[in-house]
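All ligand and atom numbering here is 1-based and tracks the order in the structure. Reckoned from all heavy atoms, side chains included, excluding hydrogens, waters and symmetry mates. All of these numbers come straight from a predicted model, not from anything done at the bench. We number each residue from 1, following the sequence as shown.
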Amino acid sequence: MNITILGPGAIGSLWAHKLANAGHNVSLWGRDSSETLRLQLDDTSPQTFANRDPNSLVDCDLLLVTLKAWQVLPALESLKSQINQDTILVLMHNGMGTAQPVCDHFASNPVVIATTTHGAFKPNKYQVQHTGQGMTQLGGMNKAGQQCHFLQAVLDHALPEVRWNDNIQAVLWNKLAVNCAINPLTAIEQCQNGELARPPFQAIIEPIVLEIVKVMQAEGIATDFQTLLATVNQVISHTATNFSSMRQDVYHQRKTEIDFINGYLISVAKQHHLATPENSKLYQAIKQIEQGWITS
Ligand code: NAP
Ligand code: PAF
């Protein structure tokens, strides 16, 4: 397939290598204006990819969007006139809230959403490290996207394990719950995920999870408090030594994905007239941290 990676950062560069190794014709679309980008994955041989080649958008079968959530809409809108109406758009990022506007703006394109637990780190422009084996789940967001099951085999061949899930909304909501509970707290405390297993943090996490359960149930997603709390604590334990993505963003004074994590939860809760005081506190705390960089 002709595949273009929009946003060749850590996750995008990992997929670029894996898809190229699987035999696909892979191009990048990064912010860098150079015509080619040379990238090395771990200790494999560096590979050279075309970058920002307009033909790579026109001829693209699959546009894999690996931007941060807040970068997705502005980037896709700026490229809209160059994106073919048949190109499959796969959105792969943490958080929720981009998929519906993308479906609205790209009404003819198949839109697929992906969530991954692989870990990737890009220490510099030329290198990417695959820091943790994980799993990727895919599902269709619109009618045309729901007919793209074949992508499971394509992506699984490149970087297993990939699963197609007809109920991708449930998968996304469970991931959102994990991110709502772990990301802002670890960012505020500047701690590893494992710290959150300690009783003082558990006392904060429980009401956060309770609010999320109510919103998920109002959205028709089957869950209950004990199950969701167990899911969150399982991730805390499995990723105990990780620094969450939001902790890293705050540490490096980069804009976080809070609007698409707790921010998204709060906006959906409002539609159902549900109160989310605990998630709102976390949201405000992260916004205040971000504001501090702008004014300092
Ligand atoms: P990242 O390294 O920041 O990658 C985003 C890339 O997009 C950067 O190279 C950025 O360039 C580029 N970009 C920004 N705006 C652009 C535009 N308008 N056009 C083209 N390129 C643009 O982030 P990441 O760690 O790969 O994460 C991507 C998403 O995956 C996030 O939602 C993250 O939460 C999720 N995720 C990440 C991991 C992981 O291990 N890294 C794991 C699971 C999920 P600049 O750097 O120049 O801005
Ligand atoms: O955003 C992250 O860091 C990850 O999604 C997770 C699961 C919280 C692990 O650090």
Side-chain angles (χ1 to χ4, degrees), residues 4-16 27-34 37 39 49 51-52 56-57 63-80 82-83 90-99 113-137 159 171-172 174-187 191-196 205 231-252 254-262 264 286:
T4 301
I5 311 282
L6 172 57
I11 281 290
S13 301
L14 171 67
W15 277 99
S27 297
L28 308 180
W29 196 279
R31 286 207 307 166
D32 198 301
S33 59
S34 41
L37 289 175
L39 268 176
F49 296 92
N51 183 48
R52 293 182 79 94
S56 78
L57 288 181
L63 184 67
L64 178 56
V65 183
T66 52
L67 296 158
K68 296 276 183 134
W70 55 269
Q71 297 164 338
V72 171
L73 286 171
L76 280 176
E77 269 167 21
S78 73
L79 298 174
K80 186 160 187 208
Q82 298 173 71
I83 296 174
V90 175
L91 310 181
M92 187 181 286
H93 59 73
N94 274 354
M96 291 176 77
T98 61
I113 192 115
T115 176
T116 188
T117 57
H118 281 280
F121 175 60
K122 207 172 166 188
N124 56 54
K125 241 172 94 173
Y126 309 102
Q127 288 181 305
V128 59
Q129 295 163 1
H130 190 185
T131 51
Q133 277 294 336
M135 205 246 279
T136 303
Q137 298 211 59
L159 179 54
V171 177
L172 296 177
N174 277 284
K175 180 78 197 291
L176 189 86
V178 165
N179 288 134
C180 282
I182 297 179
N183 293 31
L185 269 178
T186 52
C191 66
Q192 290 172 313
N193 295 355
E195 277 289 295
L196 303 186
I205 286 175
T231 302
V232 168
N233 281 327
Q234 204 174 33
V235 176
I236 288 174
S237 142
H238 286 166
T239 64
T241 57
N242 282 23
F243 286 110
S244 78
S245 53
M246 198 174 289
R247 186 270 179 197
Q248 293 182 49
D249 286 339
V250 165
Y251 183 80
H252 295 288
R254 293 187 300 237
K255 185 174 163 65
T256 71
E257 297 183 293
I258 193 78
D259 285 323
F260 296 83
I261 297 179
N262 304 74
Y264 180 77
I286 296 295

Is the side chain of [X] donor-acceptor paired with the backbone N or O of [Y] at a distance under 3.5 Å, no angle test?
| X | Y | answer |
| --- | --- | --- |
| Asn94 | Glu257 | no |
| Ser13 | Ala10 | no |
| Arg52 | Ser34 | no |
| Lys122 | Gly12 | no |
| Asn193 | Val235 | no |

Straight-line distance of [X] [atom1] to [Y] [atom2], nearest 0.5 Å:
| X | Y | atom1 | atom2 | answer |
| --- | --- | --- | --- | --- |
| Asn51 | Ile5 | CG | CD1 | 11.5 Å |
| Ile205 | Ile182 | CD1 | CD1 | 7.0 Å |
| Asn242 | Thr131 | CG | OG1 | 8.0 Å |
| Lys175 | Thr117 | NZ | OG1 | 7.5 Å |

As an exercise, identify every atom of ligand 1 less than 4.0 angstrom from a heavy atom of [X].
| X | value |
| --- | --- |
| Asn94 | 32 (O), 34 (O), 35 (C), 44 (C) |
| Thr116 | 43 (C) |
| Gly30 | 20 (C), 21 (N) |
| Gly119 | 40 (O) |
| His118 | 40 (O), 42 (C), 43 (C) |
| Trp29 | 20 (C), 21 (N) |

Could a heavy atom of Lys122 be found less than 4.0 Å from some atom of ligand 1?
-> no
Could you check [atom] against the protein and tell me its nearest heavy-atom contact, residue, atom and distance included?
| atom | result |
| --- | --- |
| atom 29 (C) of ligand 1 | Leu67 O, 3.6 Å |
| atom 36 (N) of ligand 1 | Ile11 CG1, 4.0 Å |
| atom 7 (O) of ligand 1 | Gly7 CA, 3.3 Å |
| atom 17 (C) of ligand 1 | Arg31 CG, 3.7 Å |
| atom 5 (C) of ligand 1 | Thr66 O, 3.8 Å |
| atom 40 (O) of ligand 1 | Ala120 N, 2.8 Å |
| atom 23 (O) of ligand 1 | Lys68 CE, 3.4 Å |

Output every pair passing side chain to side chain donor-acceptor pair (under 3.5 Å) with a member in residues 63-74, not counting sequence neighbours, ordered by first then second residue.
->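 For residues 63-74, and leaving out neighbouring residues, the side chain to side chain donor-acceptor pair (under 3.5 Å) pairs sorted by first residue read Lys68-Asp249.
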Parallel, tilted or perpendicular, as decided by the 30° and 60° cut-offs, for the rings of His118 and Trp15 =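 Geometry flag for His118 against Trp15: perpendicular rings.
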Near ligand 2, which residues have a heavy atom under 4.0 Å away from one of its atoms?
-> Asn94, Lys175, Asn179, Asn183, Asn193, Val235, Asn242, Ser244, Ser245
Is [X] in polar range of ligand 1, meaning some N or O pair under 3.5 Å apart?
| X | value |
| --- | --- |
| Ala75 | no |
| Gly12 | no |
| Ala10 | yes |
| Glu257 | yes |

Does the protein put a heavy atom less than 4.0 Å from atom 10 (C) of ligand 1?
-> no
Nearest protein heavy atom under 4.0 Å from atom 3 (O) of ligand 1, yes or no | yes
Run the side chain to side chain contact (heavy atoms under 4.5 Å, CB included) check on Leu63 and Trp29 step by step: do they pass?
-> CA-CA 10 Å; Leu63 184 67; Trp29 196 279; 5.8 Å; no
Side chain, backbone, both or neither: Thr131 near ligand 1, heavy atoms under 4.0 Å =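 Neither part.
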Measure His93 to ligand 1 on non-hydrogen atoms and call it side chain, backbone, both or neither using the 4.0 Å cut-off.
->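 For His93, backbone and side-chain atoms both sit under 4.0 Å from ligand 1.
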Side-chain touch Thr186/Leu196, heavy atoms, less than 4.5 angstrom |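 Answer yes - side chains close enough.
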Is there side-chain contact between Leu159 and Thr136, with heavy atoms separated by less than 4.5 Å?
-> no
Using the side chain to side chain contact (heavy atoms under 4.5 Å, CB included) rule, pick out the option among Leu64, Leu6, Leu76 that qualifies with Leu91.
-> Leu76
Apply the side chain to side chain contact (heavy atoms under 4.5 Å, CB included) test between Thr115 and each candidate in Met135, Gln137, Met92; give the one that qualifies.
->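 Between Thr115 and the candidates, side chain to side chain contact (heavy atoms under 4.5 Å, CB included) is satisfied uniquely by Gln137.
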Heavy-atom closest pair, residues Leu28 and Thr4 |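 In this case the closest contact between Leu28 and Thr4 is C-CG2, 4.3 Å.
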Any idea which of Gly132, Gly9, Ala114 brings a heavy atom closest to atom 1 (P) of ligand 1?
-> Gly9
